[in-house]
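Just so you know, these numbers use all the heavy atoms, side chains as well, and skip hydrogens, waters and symmetry mates. Here, residue 1 is the first one in the sequence, and each next residue gets the next number. Keep in mind it's a predicted model, so treat the numbers as computed, not measured.
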Amino acid sequence: MTTSVSSSTTTTATSSVSYSQNRNEFDTDALVEAAVSAKLARADTLETKVTANETKIAAYEEMQTLLLAMQDSLQALRADPSSSGQEDDVFLNRTGYLTSGTSTSADTLLSVTVEDGTELGSHEIEIIQVAKAERLGGSSQSSRSDAADMAGSFTLGGTAFTVTADMSLDDIVDTINTETTNTGIKASVIKVSDTEYMMVLTATETNAEITLADTSGTVLQDLGLVDENGDKADILQAAQPAQVKIDGVTIERDTNEIDDAIDGITLTLYKAESGNTLTLEVDNSLSDIKTQVESLVETYNALRDFVLLNQTTASDGSADESAVLFGDSILRTVSTQLQEALTAAIDEASLASLGLSFDEQNYLEIDEDALDDALLNDLDTIQSLFSFQAATSSGNLSLLRHGDGPESADFTLDITVTDGAISAVSVGGDTSLFTVSGSRIIGAEGSLYEGLTFVFTGSASQSIDVSVSQGIADRMWQAVEEVADEYDGQLAEQITTLEDSNTDLEDRITTIEANAETYRSYLLDKYARIEAKLAEAQSVLDLLEALTNSEDN
């Protein structure tokens, strides 16, 4: 009979007795890793949150970039009345169109630069003569590189020069040209033939005469620049001023660049043609306006791509992985505000007046022919449609800035001046609608006129009628500014919040990981002691087994 007992798997037989021990393997590394992984599970969850936040930050930053790109075109179209805004105002951009009264092309006679904001209008210009610099020629010299055998001193333009006998014609020219800045005279050598060379002196400024004289010796006379009496020997070109008839008035200037005859206009004269009256038309730069309208369409459609991407759904109707900002309130709100502005009508005009329309996915499309026609024939409508319009009945009151409103308003400002300073401002007898700061009249916070700031330069009390209207571009700009401003816009705030959250999460992750490593060290130490005890017990067991087997034998 055989009996089997399964505790430590000891087998007893009637003929003989033997013991075999199944030794349990104690896997310290596996036990430690399992315990540490459990501790790190929370860190993994936090890492997932960090990644999600980073993805959202990237989406917000992309949205901000798209909005700011759109804002550049909106700034140009919205007619911001501030000084910096006027620099960007595309409706102040000017172009000068020249036409010739003869078959001669106008641009061979004259070029025109027109400053932004220059008064629109027409001018008639006739170039009688262009300004010229005096030019003197010398006598024939046999070589430009051999010693000229001239010695002495002379003055040019009030500056003294000394020439030695070993100097060549080129050496003398180089010496003169070292002082050109001081003398206003430049020297050169013209090769007349293989054996003839001539020095030429040219004034660096038009309508300026060259002064020169030998002071010791006869160097200038030997060069043929002056005669024996010290007079100029050969005037190749006499100095003369520019003469131009502008709108019937003849003017003279020392140079061919005339920037002080017509405000905001610089004329550059190339050639005279007496009797040819050129017509200069100062007009809006229609190409610049068209470029900004096209840019607005392009940047709006780029944002529309972003909006549609973040509205994408999966087959089960849930948000697609690419739709990082699915349902985001900021994106939804600004998208709605922009579309509402684009579909608004200003004095019965709308984007359709310009040839702009929406397709089935609310992308903007341009009918270029219709836009060109509107630019040529109805620019005032385009400007009033896009820009902020402000009109006052007095030149003593001007709009400084307008902030975010109102969209439109017509009112009368009753301004009271006491002892030369503004003492009160009211609308319809209500003095709470505006505050006064020096010469500035500021719309009160919370009132209909909040955001408006006027500057009053009058010295007496008066009532001034005011009319303001916020165009499409200005409405869009204000909506974008609230969201995308890089310092205190909603997106900047959200990005900062998410970055702060990630900083906190990463600190917590660092703490968890540090604690897990501490726990790892603790477990390794603990299990090392257990393994030592087990090894000690195993040694005893092995000894007992050996003793038992020896007794059986």
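- Separating the CZ atom in Phe306 from the OG1 atom in Thr65 is a distance of 9.5 Å, to the nearest 0.5 Å.
- In summary, the side chains of Thr102 and Asn276 do present a donor paired with an acceptor at a separation below 3.5 Å, with no hydrogens or angles considered.
- Between Thr183 and Leu156 the shortest heavy-atom distance is CG2-O, 3.3 Å.
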So Val244 and Ile125, side-chain contact (heavy atoms from CB on, under 4.5 Å) or not? Walk me through it. CA-CA 7 Å; Val244 184; Ile125 302 170; 3.6 Å; yes
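- With salt bridges taken as basic N to acidic carboxylate O contacts below 4.0 Å, none links Arg78 and Asp88.
- Checked against salt bridge (Lys or Arg N to Asp or Glu O under 4.0 Å), Glu368 has the following partners two or more places apart in sequence or in another chain: Lys290.
- Listed for the Ser426 side chain is no donor-acceptor partner under 3.5 Å among the backbone atoms of Gly428.
- Remark: the Asp474 side chain and the Gln470 side chain contain an N/O donor-acceptor pair separated by less than 3.5 Å.
- The number of heavy-atom neighbours closer than 6.0 Å to CG of Asp419, taken from other residues, nucleotides and ligands shown, is 12 or below.
- Taking the salt bridge (Lys or Arg N to Asp or Glu O under 4.0 Å) definition, one finds that Glu517 meets it with Arg520, sequence neighbours left out.
- With hydrogens and angles disregarded, a donor-acceptor distance shorter than 3.5 Å links the side chain of Asn301 to the backbone of Leu364.
- No more than 12 heavy atoms of other residues, nucleotides or ligands shown are found within 6.0 angstrom of CG on Asp347.
- Residues passing the salt bridge (Lys or Arg N to Asp or Glu O under 4.0 Å) test with Asp263: none are found, sequence neighbours excluded.
- A donor-acceptor distance shorter than 3.5 angstrom exists from the side chain of Thr204 to the backbone of Gly184, with no hydrogens or angles considered.
- Listed here is the closest heavy atom pair of Ile57 and Glu499: CD1-CG, 3.7 Å.
- Residues meeting the salt bridge (Lys or Arg N to Asp or Glu O under 4.0 Å) test with Arg304, sequence neighbours left out: none.
- Separating the CD1 atom in Ile289 from the CZ atom in Phe386 is a distance of 10.0 Å, to the nearest 0.5 Å.
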Working note: Met63 + Ile330, criterion side-chain contact (heavy atoms from CB on, under 4.5 Å); need CA distance, chi angles, decisive distance, verdict. CA-CA 10 Å; Met63 178 180 169; Ile330 298 177; 3.8 Å; yes
Carefully, step by step, assess Glu445 and Ser447 under the rule side-chain hydrogen bond (donor to acceptor under 3.5 Å, both in side chains). CA-CA 6 Å; Glu445 186 176 349; Ser447 74; over 6 Å; no
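- Using modelled atom types, one finds no donor on one side chain facing an acceptor on the other under 3.5 Å when comparing Gln75 with Asp72.
- In terms of heavy-atom proximity, Ala492 sits nearest to Asp485 at CB-O, 3.7 Å.
- For the residue pair Glu115 / Thr113, no side-chain donor-acceptor distance below 3.5 Å is found, with atom types taken as modelled.
- For the pair Ser353 (side chain) and Ala349 (backbone), a donor-acceptor distance under 3.5 Å is absent.
- Partners of Glu124 by side chain to side chain contact (heavy atoms under 4.5 Å, CB included), not counting sequence neighbours, listed by chain and number: Asp247, Thr277.
- Between the Asn177 side chain and the Thr180 main chain, no donor and acceptor come within less than 3.5 Å of each other.
- One distance of note links OG of Ser459 with CD1 of Ile422; it measures 11.0 Å at 0.5 Å rounding.
- Residue Glu513 qualifies as enclosed at atom CD: its count of foreign heavy atoms under 6.0 Å is above 12.
- Counting non-hydrogen atoms of neighbouring residues, nucleotides and ligands closer than 6.0 angstrom, the CD atom of Gln339 exceeds 12 such neighbours.
- With sequence neighbours excluded, no residue forms a side chain to side chain donor-acceptor pair (under 3.5 Å) with Asp367.
- Side-chain atoms of Asn182 and Thr159 form no donor-acceptor pair, as typed in the model, at a separation below 3.5 Å.
- With ring centers used as reference points, Tyr449 lies under 6.0 Å from Phe434.
- A donor-acceptor contact under 3.5 angstrom links the side chains of Thr418 and Ser423, judged on distance only.
- For the atom pair CG (Asp107) and OH (Tyr270), the distance works out to 8.5 Å, reported to the nearest 0.5 Å.
- With hydrogens and angles left out, the side-chain atoms of Ser295 and Ser73 include a donor and acceptor closer than 3.5 Å.
- Exactly one of Glu407, Glu481, Glu482 qualifies for a salt bridge (charged side-chain N to carboxylate O under 4.0 Å, His left out) with Arg475. That residue is Glu407.
- Looking only at distances, a side-chain donor or acceptor of Glu126 sits under 3.5 Å from a matching main-chain atom of Gly275.
- Not one N or O on the side chain of Asn284 forms a donor-acceptor pair closer than 3.5 Å with the backbone of Leu286.
- Asn396 places no side-chain N or O within donor-acceptor distance of the main-chain N or O of Phe456, the cut-off being under 3.5 Å.
- When the shell of 6.0 Å around CD of Glu252 is examined, it contains more than 12 heavy atoms from other residues, nucleotides or ligands.
- The closest donor-acceptor contact from the side chain of Thr108 to the backbone of Thr104 lies at 3.5 Å or more, if one exists at all.
- Taking all atoms of both residues into account, the shortest heavy-atom contact from Ala203 to Ile210 is N-CD1, 3.8 Å.
- With hydrogens and angles ignored, the 3.5 Å screen pairs a side-chain donor or acceptor of Asn256 with a backbone N or O of Ala131.
- At a cut-off of 3.5 Å, with distance as the only test, a side-chain donor of Asp414 or Ser463 sits close to an acceptor on the other residue.
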